[in-house]
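What follows is a short report on a single structure.
These figures come from a predicted structure and were not determined experimentally.
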Amino acid sequence: PIMSKITGIPMVDVATKLIMGEKLKDLGYSTGIAAESKFFAVKAPVFSFSKLTTVDTFLGPEMKSTGEVMGVDKDYNSALYKAFIGSGVKIPSGGSVLLSVADRNKKECIEVSRKLASLGFRLFATEDTYSYLSGVGVEVDLVQDNEIIEAVKKDKIQLVINTPTKGKISSRSGFHLRRTAMEYSIPCLTSLDTTNAMLEVMDQIIHKDNTEIYSLDEYSRYIKEEEV
């Protein structure tokens, strides 16, 4: 379904007719690679963590998504922005970010932190992350362990970046942080790859023009024009 929407080629319908004995040329298609679209399309998973109260929001190799959406635009970051929004992820344009990352991610987190600061966000961190980041010159404020959950509940944090040390253990503070963020509709990222992608989107919506909206009819018409 996603590929059919991106290319404008009804792949299931075409494949079914081929199986029944019809030829590509009789259906109006030829062999080879289809023409590249001027649109970018980004597929994003949709999760139902808010309805599954005992499930950790940390993503591993197992399937946890319950659906998917597609963001489409004429540039990649705008398409990614639409995919985030469509999947229910709120992207803050300012405010405070809470950083709590595992040791394996601390070095990579330096550049992430500096990028967030350059976009105007105020940085907070849990004890270990704070010690590391402040030690390399990143301007960050410490949040005590007993204040973290309340800070999220009172809307003092607009984004949580938390890479777990040991996921799925409900007694650990990281599990409670991720679940609280979910229940209070605060975006919580558990991967720095996703974080870096969101930073590009943040830069787009903070420093550049508004993203254009294309109606489904306009998009479909444009795809058909490209095929011609």
If you count the non-hydrogen atoms of other residues, nucleotides and ligands that lie under 6.0 Å from NZ in Lys156, is the total more than 12?
no
Would you please name every residue forming a salt bridge (Lys or Arg N to Asp or Glu O under 4.0 Å) with Lys115, sequence neighbours left out?
none
Could you state the interatomic distance from CG (Leu123) to OG (Ser113), rounded to the nearest 0.5 Å?
5.5 Å
On a heavy-atom basis, which atom in Thr163 and which in Ala102 lie closest, and how many Å separate them?
OG1-N, 2.9 Å
Specify the closest pair of heavy atoms between Ser131 and Ser134, including all atoms of both residues, with the distance to one decimal.
O-OG, 3.4 Å
Donor-acceptor pairs are to be reported for all side-chain atoms of residues 139-150 against protein atoms at under 3.5 Å, with residues two or more places apart or in another chain.
from	atom 1	to	atom 2	distance (Å)
Asp141	OD2	Arg122	NE	2.9
Asp141	OD2	Arg122	NH2	3.0

Separation between CG of Asp103 and NZ of Lys106, rounded to the nearest 0.5 Å:
4.0 Å
With a 4.5 Å cut-off on side-chain heavy atoms, are Phe39 and Ile6 touching?
no
Quick one: side chains of residues 9-26, donor-acceptor pairs under 3.5 Å with protein atoms, not counting sequence neighbours, listed by atom name and distance.
from	atom 1	to	atom 2	distance (Å)
Asp13	OD2	Lys17	NZ	3.4
Thr16	OG1	Val12	O	2.7

Rounded to the nearest 0.5 Å, how far apart are OG1 of Thr129 and CG of Asn105?
9.5 Å
Tell me every residue that passes salt bridge (Lys or Arg N to Asp or Glu O under 4.0 Å) with Asp155, counting only those two or more places apart in sequence or in another chain.
none
Identify the two heavy atoms, one from Lys43 and one from Ile2, that lie closest to each other, and give their separation to 0.1 Å.
CD-CG1, 3.6 Å
Side-chain atoms of residues 81-100: list all donor-acceptor pairs with protein atoms under 3.5 Å, sequence neighbours left out, distances to 0.1 Å.
from	atom 1	to	atom 2	distance (Å)
Lys82	NZ	Val72	O	3.0
Lys82	NZ	Asp73	OD2	2.8
Lys82	NZ	Glu212	O	2.7
Ser87	OG	Ala83	O	3.1
Ser87	OG	Phe84	O	2.9
Lys90	NZ	Ser185	O	3.1
Ser100	OG	Thr126	OG1	3.0

Results of side chain to side chain donor-acceptor pair (under 3.5 Å) for Asn77 - residues two or more places apart only
none
Quick one: are Arg178 and Val160 in side-chain contact, heavy atoms under 4.5 Å?
no
Table please: side-chain donor-acceptor pairs of residues 195-202 below 3.5 Å, with sequence neighbours left out.
from	atom 1	to	atom 2	distance (Å)
Thr195	OG1	Ser191	O	2.9
Asn196	ND2	Glu108	OE2	3.4
Asn196	ND2	Leu192	O	3.1

Taking atom CG of Leu177 and atom OG1 of Thr190, what is their separation to the nearest 0.5 Å?
11.0 Å
Among residues at least two apart in sequence or on other chains, which ones pass side chain to side chain donor-acceptor pair (under 3.5 Å) with Asp75?
Ser78, Gln204
By side chain to side chain donor-acceptor pair (under 3.5 Å) - contacts of Asp203 (at least two apart)
His207
Euclidean distance, Cys188 SG relative to Arg179 CZ, rounded to 0.5 Å
10.5 Å
Kindly give the heavy-atom pair with the smallest separation between Ile161 and Val101, and that separation in Å.
O-CG1, 4.2 Å
